[in-house]
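Written out below as structure tokens is the structure these notes cover.
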Amino acid sequence: MKKRFLKPTEDPLWLRLFLGAVAIAFIAILLLLPLALVFKEAFANGIGAFWTAIKEPDTLASVRLSLIAAGIAVPLNMVFGIAAAWCITKYDFPGKTFLVTLIDLPFSVSPVVAGLIYVLVFGAQGWFGRSLADNNIHILFAVPGIVLATIFVTFPFVARELIPLMADQGRDEEEAAATLGATGFQTFLRVTLPNIKWGLLYGVLLCNARALGEFGAVSVVSGHIRGVTNTMPLHVQLLYDNYDYPGAFTVAALLAMLALLTLALKSLLEWRYADELAAAHRH
Amino acid sequence: MSLTVDSVAKKFGRFPALNGASFVAPQGGFVSLLGPSGSGKTTLLRILGGLEFADSGSVRFADLNWLDMPARTRNAGFVFQQYALFKHMTVADNIAFGLKVRPRNRRPSSADIHKRVTELLDLVQLSGLEARYPSQLSGGQRQRVALARALAIEPRMLLLDEPFGALDAKVRKELRTDLRRIHDHAGVTTVFVTHDQEEAFAVADLVAVMKDGRIEQYGAPADVRRNPKTAFVSEFLSA
Amino acid sequence: MSAIGLKLFPLRSRHVLPGFRLSLGFTLFYLTSLVLIPLLALVIRPMELGPSGFWAAISTPRVLASLRLSFGMALAAAVIDSFFGVIIAWVLVRYRFPGKGFLDAVIDLPFALPTAVAGIALSTLYAPNGWIGSVLAEYGIRVAYTPYGVLVAMVFISLPFTVRTVQPVMAELGLEVEEAAATLGATRLQTLARVVLPMLWPAVLTGMAMAFARAAGEYGSIIFIAGNIPAVSEIAPLLIITKLEQYDYAGAAAIGVVMLAASFVMLLALNGLQSWAAKRR
């Protein structure tokens with residue numbers, strides 16, 4: 001019955017179409033095309049060929065190594081994340097900001113530098129290089145080095161998730177438990193843990209995804225010995241450099257599926273447990 | 001050039017915020033929309049300002065079909081409860097905003113804009129604070145800036161949405177008096193939403209008591225107080 | 001350590017909750033052995049070169065070219081991602097359309113996808129016979145194995161940072177200031193330009209800084225699509241690895257120190273930005 005025009009807070013149609021098209025095109029071309037390509041190349045010769053490529057001994061070895069590295073790094077970092085978040089949020093002491101900066105460090109450092117620092121400590125010309133060689137202990141170019149590098153690049157994830165969450169939740173419940181006679185561990189297990197379980201899961205999810213997918217840091221310490229010291233990402237590189245594109249994309253597709261699963265779980269957690277995740281996620 | 005509001009109605013989803021509100025105010029009058037929360041007073045005000053669209057009904061003002069015009073062209077100054085000042089701009093830039101965004105043929109020169117800003121700052125008693133940012137002002141000062149900003153465009157209608165709601169009692173009284181003084185000086189038709197009946201009665205020429213999206217009673221403050229027409233009105237006023 | 005601990009924290013426990021020494025001790029132990037000591041090695045190692053040796057190590061044409069490439073392209077990528085990031089965030093926050101949730105989740109793909117996977121995918125995509133590369137080749141544009149390949153990979157890897165820093169700020173903007181601008185006579189475009197965008201500025205800069213930091217240090221997604229030709233398309237992290245393979249530990253560490261210093265400067269700048277933004281609120 002009357003001319004209906006835009007509310008003052010709505011963009012005109014032409015602008016909405018234009019910006020929408022730009023956004024969607026940018027995302028499709030930049031992000032979705034590469035993803036599609038990975039799967040297309042992996043399954044180019046059918047599912048049979050895909051499975052055969054996966055069952056290749058060196059590929060299986062790389063999967064095993066990735067799982068071992070993540071299997072050690074993630075639980076350790078989970079414990080660290082809990083300990084760090086606990087002491088930072090439940091107590092007051094000088095130097096907290098420095099501690100938090102230190103925890104954030106792996107995020108701002110190049111992955112290659114992350115690997116480099118371990119070479120400088122454990123490498124042949126590193127600090128402990130000689131004594132390690134004398135005792136026939138292999139850290140670099142062997143599994144321990146890979147595990148160390150993986151731990152370094154992934155340890156912030158759980159801590160960074162828990163610190164704002166636990167800071168937000170305050171100390172009241174824990175203090176109540178303390179007055180009721182609970183020990184530290186009891187307080188943590190019965191009072192804190194239930195409150196942080198979804199945030200913890202979220203942090204572990206991200207930590208795990210990064211641990212399985214880390215490339216730069218592990219590449220530096222690995223030695224790239226086929227079938228022995230190659231994680232899945234390194235194996236992808238090896239196959240690609242040897243022009244085995246179907247093989248390379250097969251392993252890549254495996255990693256991509258893991259990434260998509262991580263994204264799906266992440267979205268699910270964000271959607272259902274928005275309140276129990278760190279304040280930063282509540283958008 | 002009176003303001004004629006005729007059976008304006010609006011639903012949000014299935015919730016009827018306005019159920020047919022009507023009133024007439026003379027040119028230059030000062031009307032207060034008074035009522036509890038949920039009575040539809042803010043919705044009506046926002047419809048007058050062009051920030052919401054009515055489902056039915058009409059408004060005539062200054063010989064115009066008011067509801068057929070977008071907010072931008074109505075020249076209706078709006079003052080928000082939470083000020084809605086532009087935090088990244090100085091006080092002077094906030095006040096000058098309405099003048100600076102005018103198309104070139106209607107835009108005053110910068111000298112004129114500067115003069116006008118200074119005059120307005122005097123009017124709202126904030127002279128000398130041109131270069132401050134909103135974060136450096138008190139609540140009362142911010143609302144004065146918001147008022148000056150709305151007045152800068154020489155509005156033909158001034159709309160205020162519980163403008164003093166976020167302020168303490170003493171500041172409210174001061175601002176209330178200043179608002180009345182400014183209104184009398186400028187002669188602009190003013191519609192003022194509040195839930196505080198003391199405030200409404202102190203400042204307005206005409207009071208519309210609203211409930212459930214309808215105007216229960218409309219008239220001069222003294223008349224409404226003496227002759228409440230419905231049980232709700234008498235209860236609301238005696239509370 | 002615990003003697004000092006007892007001195008600082010006398011026997012009368014200063015902390016209400018138990019577990020302080022255990023949690024702090026474990027945290028410090030973890031951080032010291034995992035982070036501080038190795039970092040110390042990084043900082044100390046170049047010292048054996050002496051100041052002039054250090055300078056010589058990082059000022060060879062090849063090293064300078066790699067630093068220029070890594071930092072220069074990272075800056076370009078950060079700007080590009082900030083521009084598109086604001087548009088994407090606006091569309092995600094303000095518009096409604098089917099599939100928006102999916103699009104929102106996909107933004108995090110570069111975050112979740114292993115860099116090597118992104119690397120080979122981008123390389124194949126932009127190669128002269130790839131899906132996109134072949135289209136560009138018709139216009140004479142080569143991306144793969146050139147510095148532009150580095151740029152494309154960096155734009156890919158940094159996008160989530162620019163979108164996710166701006167998105168929550170946009171969501172919290174509140175519509176009143178836009179309404180106020182409209183009542184004052186501003187057109188929609190004027191409102192967006194003079195009121196909305198300036199309020200987003202601190203978040204945009206923060207996102208740009210984070211995107212820059214990430215792109216400058218990136219390795220895995222870049223080395224497949226770059227040409228890795230020294231002094232042309234060789235990024236600094238690759239040069240570090242090359243030097244390590246040549247057992248030039250000090251040289252590699254020198255470059256590492258430069259990159260670490262750049263990261264610190266970035267972190268400080270970011271913190272400065274956050275407090276500036278907080279003051280304007």
Side-chain angles (χ1 to χ4, degrees), chain A residues 8-9 11-12 16 19-20 22-23 26-27 30-35 37-38 80 83-84 86-87 90-91 102 105 108-113 116-121 123 125 127 151-152 171 174-175 178 183-184 187 209 213 215-216 220 233 236-237 240 248 252 255-256 259 262-263 267 283, chain C residues 15-20 23-24 26-27 30-31 34-35 38-39 41-42 45 84 87-88 90-91 95 103 105-106 108-109 112-118 120-122 124-125 131 156 167-168 171 175 178-179 182 188 213 217 219-220 237 240-241 244 247 249 252-253 256 259-260 263 266-267:
Chain A
T9 52
D11 292 342
R16 276 184 279 160
L19 292 183
V22 167
F26 191 75
I27 293 175
L30 187 71
L31 302 183
L32 293 178
L33 270 187
L35 189 64
L37 181 73
V38 169
F80 167 78
W86 178 266
C87 82
K90 306 295 177 191
Y91 311 101
L102 219 53
L105 200 65
S108 38
V109 151
S110 167
V112 167
V113 172
L116 170 67
I117 58 182
Y118 290 109
V119 172
L120 292 177
V121 174
Q125 296 183 17
W127 282 354
I151 293 179
F152 180 90
R171 308 174 191 175
E174 284 80 11
E175 287 178 347
T183 67
T187 309
F215 180 72
V220 175
V236 167
Q237 178 183 36
Y240 190 82
L255 287 168
T262 304
L263 278 182
S267 296
H283 50 255
Chain C
H15 299 277
V16 174
L17 295 173
F20 176 66
S23 58
L24 183 64
F26 178 71
T27 303
Y30 208 85
L31 282 175
L34 214 58
V35 180
L39 272 185
L42 176 66
R45 195 49 185 258
F84 285 101
I87 294 179
I88 292 173
W90 185 254
V91 169
Y95 299 172
L103 222 60
V106 164
D108 283 331
L109 186 67
L113 195 67
T115 54
V117 174
I120 65 171
L122 290 171
T124 309
L125 198 58
W131 289 349
F156 175 92
Q167 210 175 349
L175 301 171
E178 293 170 54
E179 290 179 339
R188 186 64 187 154
Y219 173 72
I240 292 180
I241 290 189
L244 275 180
Y247 292 103
Y249 281 23
M259 300 205 71
L260 191 67
S263 304
M266 257 309 114
L267 259 175

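Below, chains carry the letters A, B, ... as their sequence lines are ordered, and counting in each starts from 1. Since we're looking at a predicted model, the values are computed, not measured.
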Quick check on [X] against chain C: is it the side chain, the backbone, both or neither that has a heavy atom closer than 4.5 Å?
X	value
A:S267	side chain
A:Y240	side chain
A:L37	both
A:V38	side chain
A:L33	both

(request) Using a cut-off of under 4.5 Å on heavy-atom pairs, state which of C:Y95, C:Y219, C:F26 scores highest against chain A. (result) C:Y95
Does any backbone or side-chain atom of [X] lie under 4.5 Å from a heavy atom of chain A? Answer side chain, backbone, both or neither.
X	answer
C:Y249	both
C:I240	side chain
C:L125	both
C:A105	both
C:F156	both
C:L260	side chain

(request) Quick one: pull up OG1 in A:T9 and CD in C:E179 and give me the separation to the nearest 0.5 Å. (result) 6.0 Å
(request) Kindly compute the distance separating CG (C:L24) from NZ (A:K90), expressed to the nearest 0.5 Å. (result) 15.5 Å
(request) For residues A:Y91 and C:S23, determine if any side-chain heavy atom of one lies less than 4.5 Å from a side-chain heavy atom of the other. (result) yes
(request) Evaluate the side chain to side chain contact (heavy atoms under 4.5 Å, CB included) criterion for residues C:I87 and A:F26: first the C-alpha distance (whole Å), next the side-chain angles of each, then the deciding distance (0.1 Å), finally the verdict. (result) CA-CA 10 Å; C:I87 294 179; A:F26 191 75; over 6 Å; no
(request) Output yes when a side-chain donor or acceptor of A:S108 lies under 3.5 Å from a complementary backbone atom of C:S263, and no otherwise. (result) no
(request) Using modelled atom types only, decide if a donor and an acceptor are shared between the side chain of A:Y118 and the backbone of C:L34 within a distance under 3.5 Å. (result) yes
(request) For side chain to side chain contact (heavy atoms under 4.5 Å, CB included), just list the numbers for A:F80 and C:L31, CA-CA rounded to whole Å, side-chain angles, deciding distance to a tenth of an Å, and then say yes or no. (result) CA-CA 9 Å; A:F80 167 78; C:L31 282 175; 3.9 Å; yes
